Amino acid sequence: MSEKLIKPQTLKGFRDFLPSAALARERLIDTAKRVYRSYGYAPIDTPALEYTEILLGKGGDESDKQMFRFEDQGGRDVAMRFDLTVPFARFAAQHAQELGLPFKRYHVGTVWRGERPQKGRFREFVQCDFDTIGTDSAASDAETLLVIHDLLVALGIERFSIRVNHRGVLNGLLESLGVRDKSASVLRALDKLAKAGREAVIKEMVEIAGLTSDAAESILRFCARTGPPGEVLSEVATQLDGVEISRLGIQTLRGLFEAADAAGVPASRLRLDLAIARGLDYYTGTIYETFLDDLPAIGSVCSGGRYDNLAGLFTKLPLPGVGASLGVDRLLAAMEELGLVADGATPATVLMTQFEPNRLRDYIAAAARLRGRGIAVEVFPEAKNVGKQFKYADRKGHRLVIVAGSDEFAARTWQIKTLATGEQTTVADTELVDAVSQLLNPG
RNA sequence: GUGGCAUUAGCUCAGUUGGUUAGAGCGCCGGAUUGUGAUUCCGGAGGUCGCGGGUUCGAGUCCCGUAUGCCACCCCA
């Protein structure tokens with residue numbers, strides 16, 4: 001065999017997951033699912049591939065450019081989904097009759113964007129979305145906020161900030177200044193406030209968006225307001241008194257803060273930020289972005305908003321929606337950077353060593369008894385010397401190692417060693433399951 | 001899509017103005033130790049210096065291209 005080896009490699013922005021990373025990712029997803037289900041969101045799934053016309057033009061020019069798109073074997077123009085929200089709008093439009101409204105779903109799925117990779121930014125990544133469709137009630141906007149909060153807490157993240165805003169408020173402001181038509185470019189400039197600073201934003205608004213510097217100044221004065229959300233909202237309400245489209249936004253935002261208060265969300269984790277504007281083109285109302293206080297540079301790990309017209313592209317039924325998306329891979333990258341990801345390359349907590357090959361059936365039987373109690377046990381496949389088997393367990397991250405040789409079999413006992421402490425005990429065969437379970441969950 | 005930095009063993013990195021057989025730590029494998037890991041001691045394997053071209057008597061080192069990673073834009077989970 002002298003054929004040239006194929007270089008094992010993955011595509012730019014696409015990654016392999018070794019067990020420790022894959023385990024961490026699965027734990028994260030399981031936790032997210034548990035939180036979603038606790039609010040009544042039901043799971044759904046949709047195809048990775050859609051007709052291009054379903055996806056094209058929904059997220060904006062940028063999404064269109066980043067789409068993986070090709071012709072399938074039947075000559076159909078198809079594309080890989082770049083998020084889970086647009087496919088969901090299609091799904092809801094297609095199945096609204098069977099679902100009943102309002103409808104709440106969660107969806108864990110891989111999405112693809114052909115953009116330049118960076119830390120926490122990949123071409124293939126997993127999102128965990130949850131959305132409510134078929135109601136425009138502000139209660140759903142508020143619930144979305146509560147879910148984001150519970151989600152991060154459940155994932156063990158303590159220090160984070162959810163920033164909220166409402167497009168209606170911004171658009172009302174622009175309308176009052178008579179520059180509503182420049183909305184897209186103005187909001188894009190505004191969104192850079194935190195990063196680029198006040199001067200740069202004003203410059204961009206004037207030079208690129210074509211505002212007068214007076215208009216740019218007053219937008220910044222408006223959006224740079226800080227203080228207790230209630231007070232800021234009152235000031236905003238006064239300033240935009242006659243502007244109809246802002247009224248609902250202000251009211252919805254008030255509802256958000258009231259709900260957060262009622263649910264016991266610490267005020268420190270929630271911020272009204274009148275400068276955040278982004279999100280994909282389809283957002284029409286509330287906007288949410290979540291940043292880790294210890295690693296804000298990685299970007300938002302959970303974003304979303306209200307999109308009242310998206311499904312209208314697929315059906316005449318009114319299907320307003322609101323929801324958000326957890327960026328599983330980005331959050332994982334951040335947690336890895338912050339040292340919050342436990343290593344360990346096995347889901348098993350116990351290693352059953354194989355010492356006497358002719359006793360294999362005893363090892364298997366004991367392992368089966370442990371599994372019957374819900375304990376994950378791995379039986380070592382070879383009767384190698386025990387030192388090797390201990391080393392294997394140490395490396396993989398098993399917590400307990402069980403050993404039995406001729407002495408133990410003669411006495412009908414097992415040796416159980418706790419790797420972390422080095423403590424070892426001998427238990428009777430009849431006590432094995434209780435003893436292991438006790439060692440794994442003391443108290 | 002634009003610009004910048006980087007790429008040497010599985011991982012993190014040394015490598016002199018271009019000069020013989022490219023090094024370390026960690027990890028991995030084996031042994032001391034067919035009844036005990038993580039600690040100790042000994043030994044071993046593992047590198048077309050990302051890939052392709054060029055300059056040169058000679059390239060890990062200089063030049064060009066390309067791939068990948070990272071950073072700043074853009075945008076976003």
Side-chain angles (χ1 to χ4, degrees), chain A residues 4-5 7-15 18 28 32 59-66 81-85 108-129 148 184 187-189 191-192 195-196 200 204 208 276-281 283 288-292 297-305 324-334 337 351 353-357 380 382-409 415-424 426:
Chain A
K4 203 170 172 194
L5 292 172
K7 186 177 179 188
Q9 58 181 347
T10 52
L11 287 162
K12 180 205 269 281
F14 288 69
R15 302 164 303 150
L18 271 58
L28 207 154
D61 291 349
E62 201 67 27
S63 302
D64 290 354
K65 274 188 268 174
Q66 294 178 351
R81 63 186 177 207
F82 59 86
D83 75 0
L84 299 177
T85 307
V108 180
T110 307
V111 303
W112 296 269
R113 293 182 194 171
E115 63 183 332
R116 203 102 133 188
Q118 275 182 43
K119 189 179 294 298
R121 195 169 186 173
F122 314 100
R123 288 187 161 188
E124 177 181 66
F125 58 98
V126 169
Q127 295 192 321
C128 281
D129 277 36
I148 295 175
L187 295 187
R188 200 174 308 132
D191 197 58
K192 294 173 191 163
K195 226 173 182 179
E204 181 172 334
I208 295 173
I276 62 163
R278 56 187 178 178
L280 301 159
D281 275 5
Y283 290 126
Y288 312 85
E289 293 200 330
T290 311
F291 292 88
L292 303 182
I298 205 154
S300 174
V301 295
C302 189
S303 306
S325 178
L326 176 71
V328 172
D329 289 296
R330 175 171 291 182
L331 179 57
L332 208 58
E337 176 110 359
L351 180 74
T353 56
Q354 187 181 333
F355 190 28
E356 307 267 1
F380 197 83
E382 301 171 51
K384 269 193 183 173
N385 65 45
V386 189
K388 292 274 190 321
Q389 301 189 50
F390 269 87
K391 190 163 183 173
Y392 174 85
D394 183 52
R395 206 184 136 190
K396 289 286 163 74
H398 299 84
R399 289 169 58 196
L400 303 179
V401 175
I402 301 177
V403 185
S406 50
D407 295 350
E408 285 78 13
F409 284 119
Q415 299 264 356
I416 309 172
K417 182 160 182 176
T418 305
L419 288 184
T421 60
E423 284 166 29
Q424 187 159 331
T426 303

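Small disclaimer: the values here were computed from a predicted structure and weren't measured. Note on naming: letters A, B, ... go to the chains in the order of the sequence lines (proteins, then strands), and numbering restarts at 1 for each one.
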**Student:** Out of A77(B), C74(B), U36(B), which has the shortest distance to the side chain of Lys192(A)?
**Tutor:** C74(B)

**Student:** Look at the side chain of Leu419(A) and decide which nucleotide, out of G69(B), G37(B), G35(B), has an atom nearest to it.
**Tutor:**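 Closest nucleotide to the Leu419(A) side chain: G37(B).
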
**Student:** Touch check for Tyr392(A), heavy atoms < 4.0 angstrom, all strands: base, sugar-phosphate only, or nothing?
**Tutor:** nothing

**Student:** Identify whether any heavy atom of Asp407(A) sits under 4.0 Å from a base atom; if not, whether one sits that close to sugar-phosphate; answer base, sugar-phosphate or nothing.
**Tutor:** base

**Student:** Identify which nucleotide among G69(B), C73(B), U36(B) has an atom closest to any side-chain atom of Val403(A), counting heavy atoms from C-beta outward.
**Tutor:** U36(B)

**Student:** When you match Lys388(A) and Phe14(A) each to their closest nucleotide on RNA chain B, which lands nearer the 5' end?
**Tutor:** Lys388(A)

**Student:** Using a heavy-atom cut-off of under 4.0 Å over every strand shown, decide if Gln389(A) touches base, sugar-phosphate, or nothing.
**Tutor:**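 Touches nothing.
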
**Student:** Using the side-chain heavy atoms of Arg116(A), tell me which of these nucleotides is nearest: C70(B), U2(B), G37(B).
**Tutor:** U2(B)

**Student:** So what does Gly114(A) hit on the nucleic acid, given a heavy-atom distance under 4.0 Å: a base, only sugar-phosphate, or nothing?
**Tutor:** nothing

**Student:** Using a heavy-atom cut-off of 4.0 Å across all strands, would you classify Glu382(A) as base, sugar-phosphate, or nothing?
**Tutor:**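 Nothing: the residue Glu382(A), judged by heavy atoms under 4.0 Å, touches no strand.
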
**Student:** Among A77(B), C29(B), C70(B), find the nucleotide with the atom closest to the side chain of Glu115(A).
**Tutor:**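 The nucleotide sitting nearest to the side chain is A77(B).
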
**Student:** Output the single nucleotide from C28(B), C70(B), U36(B) whose closest atom is nearest the side chain of Lys119(A).
**Tutor:**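 Ranking C28(B), C70(B), U36(B) by closest atom to the Lys119(A) side chain puts C70(B) first.
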
